[in-house]
Amino acid sequence: MADYKLNQRAKEQTQAFIQGFRSVIFDGWIKVFSPIELQRVISGEDTDFGKWDMSIKLIKCKIFYALDTPDLRRHTTYQNGYFDQHPVIRSLWQIIDILSSEEKRSFLKFVTGCSKPPLGGFGYLQPPFTIRMVSPDGEQPSVEGFGLIKTFFKLNIKSKHGRLPTSSTCFNLLKLPAYTRKTLLKEKLLYGNVVGYWGLEEIGLLFSHPLPLSPFLF
């Protein structure tokens with residue numbers, strides 16, 4: 001029964017996945033890692049997002065990784081009129097900074113597909129985390145003239161509530177409406193973060209599965 005569940009039932013799909021994976025990544029590169037190391041490479045640091053992590057490296061040199069909100073903010077890019085000191089962006093970082101550890105992990109998974117920081121810090125996140133302005137009512141915001149002024153002062157005449165934030169995890173992209181109030185931004189952000197789906201850490205677990213008969217091992 002175990003052999004059928006793990007191997008035979010999904011044999012064709014597994015072989016197709018392995019063939020595609022090997023066409024991109026050479027087998028020898030994978031074999032240099034232990035299962036735990038490979039999981040860290042794929043899934044990121046097994047550390048609490050929002051705290052400092054200390055690792056001992058070569059020649060007993062202590063290296064500190066700032067796996068915290070400021071580290072993520074320093075390596076964030078913006079699109080469609082947003083910038084670091086935009087009122088909506090300032091409110092966003094203030095909200096993220098006071099979230100609980102679990103909520104921060106949920107936010108990170110919502111925008112990147114993985115609840116763990118990348119190995120070495122957010123400077124190694126590729127593509128870099130990006131926040132794109134979208135209109136709360138679904139229209140494409142203007143980033144020129146009066147349209148830019150409206151977004152800076154968070155003017156939104158058409159909608160009182162607005163839609164939820166969305167993300168494109170393959171591009172580490174957060175599509176954030178220009179909400180008019182900080183309380184509304186927090187409400188929408190937390191509500192959007194509760195959406196559950198498989199992320200990169202689950203994929204990492206598949207690669208590091210301890211069973212030799214697992215179809216996910218190659």
Would you call [X] and [Y] a side-chain contact if the rule is heavy atoms closer than 4.5 Å?
X: Asn172; Y: Thr130; answer: no
X: Gln8; Y: Asp3; answer: yes
X: Arg163; Y: Lys188; answer: no
X: Thr76; Y: Trp93; answer: yes

Between [atom1] of [X] and [atom2] of [Y], what distance do you get to the nearest 0.5 Å?
X: Leu184; Y: Leu189; atom1: CG; atom2: CG; result: 11.0 Å
X: Phe107; Y: Thr69; atom1: CZ; atom2: OG1; result: 9.0 Å
X: Leu99; Y: Leu108; atom1: CG; atom2: CG; result: 11.5 Å
X: Arg9; Y: Tyr4; atom1: CZ; atom2: OH; result: 6.0 Å
X: Arg22; Y: Phe17; atom1: CZ; atom2: CZ; result: 11.0 Å
X: Thr112; Y: Leu173; atom1: OG1; atom2: CG; result: 12.0 Å

*Give the intermediate values and the outcome of side-chain contact (heavy atoms from CB on, under 4.5 Å) for residues Leu92 and Ile131.*
CA-CA 10 Å; Leu92 173 68; Ile131 304 176; 3.5 Å; yes

*Positive for side chain to side chain donor-acceptor pair (under 3.5 Å) with Asp84, one of Arg74, Arg73, Arg90*: Arg73

Give the minimum heavy-atom separation between [X] and [Y], together with the two atoms involved.
X: Lys186; Y: Ile98; value: NZ-CD1, 4.3 Å
X: Cys170; Y: Pro127; value: O-CD, 3.9 Å
X: Val88; Y: Pro177; value: CG1-O, 4.2 Å

*Which is it for Ile89 and Tyr78 under the side-chain contact (heavy atoms from CB on, under 4.5 Å) test, yes or no, and what are the steps along the way?*
CA-CA 9 Å; Ile89 297 301; Tyr78 304 94; 3.6 Å; yes

*For residues Glu103 and Ser100, is any side-chain donor paired with an opposing acceptor at under 3.5 Å?*
yes

*Can you find a side-chain donor-acceptor pair between Lys175 and Ser167 that sits under 3.5 Å?*
no

*Report whether Phe21 and Phe33 are members of the same hydrophobic cluster (ILVMFWY, side-chain heavy atoms less than 4.5 Å apart, transitive linking).*
yes

*asked:* Is it the case that over 12 heavy atoms from other parts of the model lie below 6.0 angstrom from the CD atom of Glu12?
replied: no

*More than 12 non-hydrogen atoms from neighbouring residues, nucleotides or ligands closer than 6.0 Å to CD on Gln126, yes or no?*
yes

_Can you tell me which residue among Leu174, Thr169, Leu72, Leu176 is in a side-chain contact (heavy atoms from CB on, under 4.5 Å) with Val111?_
Leu174

